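Presented below is the structure to which this report refers.
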Amino acid sequence: MAFSVPHLEDTLQALAASLIEHFPERYNEEIYTQLTAQQNDPTSPIGKLAQGIAMSDFVAETLKKQPHFLHQCWQQIPTLENTDYYRQALQDLLESVNDDAQLYRQLRLFRHREMAKLSLCQSLNLATVEAVFVHLSQLAEGIIIATRDWLYQRACAEMGTPMDAHGNPQQLYILGMGKLGGFELNFSSDIDLIFTYPANGETQGARRSIENSVFFTRLGQRLINALDQYTPDGFVYRTDMRLRPFGEAGALALSFTAMEQYYQEQGRDWERYAMIKGRILGADPQDPNVKNLQNLLRPFVYRRYIDFSVIQALREMKGKIEREVRRRGLVDNIKLGAGGIREIEFIVQVFQLIRGGREIKLQQHSLLNLLPELEKLGLLSPNEKQDLQQAYVFLRRVENLLQAIDDKQTQLLPEKELDRQRLIFAAQHYLQWNDEKQPIIVENHLTSWADFYALLQSHQHKVRSVFSQLIGEENDKPTPENSQWDDFLETDLNDEDIQLMLQQNGIKLEENAPLLQRLAQFRTELARRPIGTRGRGVLVQLMPMLLAQIFQHQAYETLLPRMLDIVDKILTRTTYLELLVENPQVLNQLIELCSQSQLIAQQVARHPILLDELLDRKALLNPTHFSEYRSELKQYLLRLPQDDEEQFIDALRQFKQSTLLRVAAADILGALPVMKVSDHLTYLAEAIIDAVVNLAWQQVSARFGVPEFLAPDEKGFLVIGYGKLGGIELGYKSDLDLVFLFDGTKTGQTVGGKKVIDSNQFYLKLAQKIISIFSMNTSAGVLYEVDIRLRPSGDAGLLGCSLSAFENYQLNEAWTWEKQALVRSRAVYGEPALRQRFELIRHKVLAAPRDLVQLKEDVKAMREKMYQHLANSNPDEFNIKTDKGGITDIEFIAQYLVLAYAPQYPSLTTWSDNVRIFESMAEIPNTENESTEKQTEENKSVKNKSAVLNFEISEQLKNAYTSLRNRIHQLNLLGLPVVVSQVEFQSERQFIEEIWRTLFD
């Protein structure tokens, strides 16, 4: 031996003892004498066995586990089998197998045994390098096909035989991809497979028929399990199915027609590149389905014209490999590194893709068979062909020796001294084929690792030289920061790769497992979507830019799912993908807004047309004045056909959404204070109410005409806004509290319609139509949620009532809480005269004398009832709206003070918003007659001699109210509930609770 192996002699001794134990009739103590005499004789079977074990730990393990195989090798070292050996041996082996457990065991033992034989042949130079990887491929093919056939028979017995429409039995066809397809399998390669079958149909012969697709999917799953599942005997082959159409998200088995359709419509460059190696395993030349499958795949791979576009595609793929090397820190990788095996494959396959459509001799799978053809065509010089051939054989020799050491898939040069000595020894001399397929000896004079490394680099430099001339060095140039995400959409990227990318961004996976899950989910769902070639090309540009920016943002945890949701919604709308790629400022703006607002992210995801609004940042910082919304909406609607209701309603929703986005953006960017935000949102709602009422009027009047007493420009109809709409305090998620009123001073019937109805009935139908338009759920969503429970008599009342009936109800029947609600009401639609009448009624009701003690008790009781039903129960949290010291308390204080003091100070009824109500209270002199007051001494302490509230208290109430509202706005933008930590707003809450106690306790 040229190098020493620790414990080699102990290993041989243990093997000898195993022979004595298992074959006592043949072996005895004399075997140790034989062992001592022959183990250093390289010509003897034991000496050869010792050398094979020295080169491969895997061989030693296999011999230990299979004594009969050890006995054979002890007597006679195996040689290469003939090409039909694997098929026949497996057929004989599986004849006696009766169940899956036996199948799994026999396959694994057979595979390990035959791999050990090939390792011995490799280590002892009993075969050329090329012959070894051809036999490795034939072994894998034989096992795959034999296992398929065994499982197929049992599947047919269980589920019936799959048939096509003409009653012809169907078989599962398996495409071997990569090195398996090219007869170039490594010693410990994964196998890449694609399953397909000729035609759809059903099974026959079983109690219950199933679709062929179901049959072959189940058969495929069983085949994968038989090969890939790890048992006490190990595994047969790691099986990778990700090269199939649609990758992991695609069906496990597709019909020929579905395969053809996929590759014609959605096949990508890398799939074309991969399919060069695609070969039908176990193909029978007489089988017409084999020819059909080959014919449908060939046009996808080989173009009829000379196709130079593939050079750039392959250059990009090479860049992907180089990024992978950097990402994983792969140093001294003989496959992926510069001048490695992958570059030789690129060189050969680029010529196949460019010229294979015209040069039939290039339409084959084996790289070493293709190199002479490239030389004959003048595509490679004799020296280039020779350099590539010698480098390929040398690198494959090293690769197979590396993997045979411990049956592990690796292409990294070893760091252990023993394994380095193994490579040096293996590289000193080996057999390879010449151009006539005759074995010749390659000799290298190597005495050290430095010698070996220099030889390796010599081969790599020659490969890199040819590669650079052909494909270029573009990928060696500095790459932008986002290049680490360039491979995110590649099908062979796995969770481990994504973890590496995240770790390189400083993200701790144990704290951010949902990020990895969301990224993996996005990739899986992406594979199922029919994006198209153009869209996928744009997406490949967008995702690295997007992910790089997301993970540079401090809010990446919330930003990632929001942005991926948006991308998911625009995947099939390539124009929007291009908008983000071609307008970086739009992408930057979108990220900035989505990081601070889930509301915006959700709106853009639901309605991608809103992306157009982000093109002009200046417009976002200078929103339309809220007073112009009504006229702007009218202009927006003029371009629509007036008889298309659904399109009209969609336009209203789109106008609302785009305006809402602009307002939210201006809010986030600091261009609008919270009070102005509410102004914009309120007047936007009013503009839409105006349009909805007019549309409803148009439709109802077209059927029933209009009340006969109306003048041409009159409607005699009012819409009253309550709550936040009435108080000009709408938020991003506010609904509309509406009450519908009509004139009622005149009655009569309708005229000019298809059907005559009473005028009161007309207004009820108008109200119904308005509610219907608001609530209609179209592709653009719901316009507004509308609440009409504040109308007279609530749910039991009519949808609309006359102004006189409304006045009577409010004065004589309304509960205190209804009068409280009236404080925050105002007319938002209607003729000026009717608006004025409503304001007079409102003033009359609010300023009516009332029992202040009863008022106080009613307000307290209502607040207590709300508190019990709505307040937050977690002591560590504060619900800004419903908890004590929150928004509701402030609103009740304002309403109580208006109802209590309006009889003495009628001007208190002027305003419906809380801020101006508090301001007006600080301005009103206190001149009431003490003898008529029904207030306690505590009430008096709230006042001073010149106002209902002193200026400081008024300001504090305003500031507390606006602070709480501002926080609600922020939480609405973030898509969060209006609940904060108990430690927030403590001073504001303490002040509000003190005011409450002063007024009510």
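For the single chain, residues carry numbers from 1 onward in sequence order. Note that the structure is predicted; figures quoted are calculated from it, not measured. No hydrogens, no waters, no symmetry mates; every other heavy atom, side chains included, goes into these values.
The number of heavy-atom neighbours closer than 6.0 Å to CD1 of I441, taken from other residues, nucleotides and ligands shown, is 12 or below. Within a 6.0 Å radius of CD in Q229, more than 12 heavy atoms belonging to other residues, nucleotides or ligands are found. For Q76, the CD atom counts as loosely surrounded, since its 6.0 Å shell holds 12 or fewer non-hydrogen atoms of other residues, nucleotides or ligands.
Screening residues 140-149 for salt bridge (Lys or Arg N to Asp or Glu O under 4.0 Å) gives E141-R279 as the qualifying pairs, with residues at least two apart or on separate chains. Counting only residues at least two apart or on different chains, no salt bridge (Lys or Arg N to Asp or Glu O under 4.0 Å) pair has a member in residues 439-459. The stretch residues 69-83 participates, sequence neighbours left out, in these salt bridge (Lys or Arg N to Asp or Glu O under 4.0 Å) pairs: E81-K117.
Annotation: side chain of D240 is in contact with side chain of D192 (closest heavy-atom distance under 4.5 Å). In this structure, the side chains of I143 and Y86 stay at 4.5 Å or more apart for every pair of heavy atoms. L367 has its side chain out of reach of L388: every pair of non-hydrogen atoms, C-beta onward, lies at least 4.5 Å apart. Looking at heavy atoms from C-beta onward, P45 lies out of side-chain contact with C73 at the 4.5 angstrom threshold. You'll find the side chain of L120 stays beyond 4.5 Å of the side chain of K48, heavy atoms only. Put simply, the side chain of M55 reaches to within 4.5 Å of the side chain of F425, judged on heavy atoms. Side-chain atoms of K462 and V466, non-hydrogen and from C-beta on, never get closer than 4.5 Å to each other. For the pair I224/F195, a side-chain contact is recorded, criterion being any heavy-atom separation below 4.5 Å from C-beta on.
When the side chain to side chain donor-acceptor pair (under 3.5 Å) test is applied to D41, the partners found at least two apart in sequence or on another chain are T43. The side chain to side chain donor-acceptor pair (under 3.5 Å) search around Q66 returns R113, not counting sequence neighbours. Contacts of I31 classified as side chain to side chain contact (heavy atoms under 4.5 Å, CB included), with partners at least two apart in sequence or in another chain: A16, L19, I20, Y27, Q34, W74. Partners of E61 according to the side chain to side chain contact (heavy atoms under 4.5 Å, CB included) rule, which considers only residues two or more places apart in sequence or in another chain, are K64, K65. Take F522 and apply the ring-ring contact (aromatic ring centres under 6.0 Å, His included) test, not counting sequence neighbours, and it matches no residue. Every residue two or more places apart in sequence or in another chain that forms a side chain to side chain donor-acceptor pair (under 3.5 Å) with Q88 is listed here: D92. Taking the side chain to side chain contact (heavy atoms under 4.5 Å, CB included) definition, one finds that I405 meets it with D57, D419, R422, sequence neighbours left out. Scored by the side chain to side chain contact (heavy atoms under 4.5 Å, CB included) test, Q409 finds S188, D190, R238, Q403, Q411 as partners (sequence neighbours excluded). Under the side chain to side chain donor-acceptor pair (under 3.5 Å) criterion, D84 pairs with R87, not counting sequence neighbours.
One distance of note links CG of D228 with CD of Q221; it measures 13.0 Å at 0.5 Å rounding. The distance from the NZ atom of K408 to the CZ atom of F187 is 14.0 Å, given to the nearest 0.5 Å. Expressed to the nearest 0.5 Å, how far CG of L90 lies from CZ of F110 amounts to 4.0 Å. To the nearest 0.5 Å, the span separating CD on Q432 from CZ on F394 amounts to 11.5 Å. We find the CG-NZ distance between L368 and K437 to be 6.5 Å, quoted to the nearest 0.5 Å. Rounded to the nearest 0.5 angstrom, S189 OG and N400 CG are separated by 7.5 Å.
A salt bridge does not link K335 to E345: none of the charged nitrogens lies less than 4.0 Å from a carboxylate oxygen.
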*Apply side chain to side chain contact (heavy atoms under 4.5 Å, CB included) to the pair L193 and L281, showing each step before the final yes or no.*
CA-CA 10 Å; L193 305 178; L281 302 182; 4.1 Å; yes

*Worked check of side chain to side chain contact (heavy atoms under 4.5 Å, CB included) between I174 and I144*: CA-CA 9 Å; I174 303 174; I144 292 166; 3.7 Å; yes

*Full working for side chain to side chain contact (heavy atoms under 4.5 Å, CB included) between D100 and W150*: CA-CA 10 Å; D100 287 356; W150 191 91; 3.5 Å; yes

*What do the steps show when you test L49 against Q39 for side chain to side chain contact (heavy atoms under 4.5 Å, CB included), and what is the final call?*
CA-CA 8 Å; L49 189 60; Q39 68 180 15; over 6 Å; no

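Across N444 and A427, no two heavy atoms sit closer than the pair ND2-O, 2.9 Å. Contact detail for L172 and F216: the closest heavy-atom pair is N-CE2, 3.4 Å. Taking all atoms of both residues into account, the shortest heavy-atom contact from A226 to L107 is O-CD1, 4.3 Å. Shortest non-hydrogen contact noted between L395 and G340 is CD1-C, 4.0 Å. Shortest non-hydrogen contact noted between V97 and L103 is CG1-N, 3.4 Å. Listed here is the closest heavy atom pair of A50 and L8: O-CD1, 3.9 Å.
Although no hydrogens or angles enter the test, the distance criterion places no donor-acceptor pair under 3.5 Å between the side chain of S458 and the main chain of A454. A donor-acceptor contact shorter than 3.5 Å is absent between the side chain of T447 and the backbone of H445. Distance alone, capped at 3.5 Å, places no donor-acceptor pair between the H459 side chain and the Y392 backbone. One N or O on the side chain of S56 and one on the backbone of A404 form a donor-acceptor pair closer than 3.5 Å. Side-chain atoms of T62 come within 3.5 Å of backbone N or O of F58 as a donor-acceptor pair. Distance alone, capped at 3.5 Å, places no donor-acceptor pair between the D233 side chain and the R105 backbone. A donor-acceptor contact shorter than 3.5 Å links the side chain of S137 to the backbone of L185. Within the 3.5 Å criterion, the main-chain N or O of P67 finds no donor-acceptor partner in the side chain of H71. Panel note: side chain Q352, backbone Q364; a donor-acceptor pair is recorded below 3.5 Å. With hydrogens and angles disregarded, a donor-acceptor distance shorter than 3.5 Å links the side chain of R111 to the backbone of V236.
Here the rule is side-chain hydrogen bond (donor to acceptor under 3.5 Å, both in side chains) with E184, and of R396, K179, K277 only K277 fits it. Checked against Y104 for a side-chain contact (heavy atoms from CB on, under 4.5 Å), the options R108, Q102, Q106 give a single hit: R108.
Side chains of E417 and Q421: a donor on one and an acceptor on the other come within 3.5 Å.
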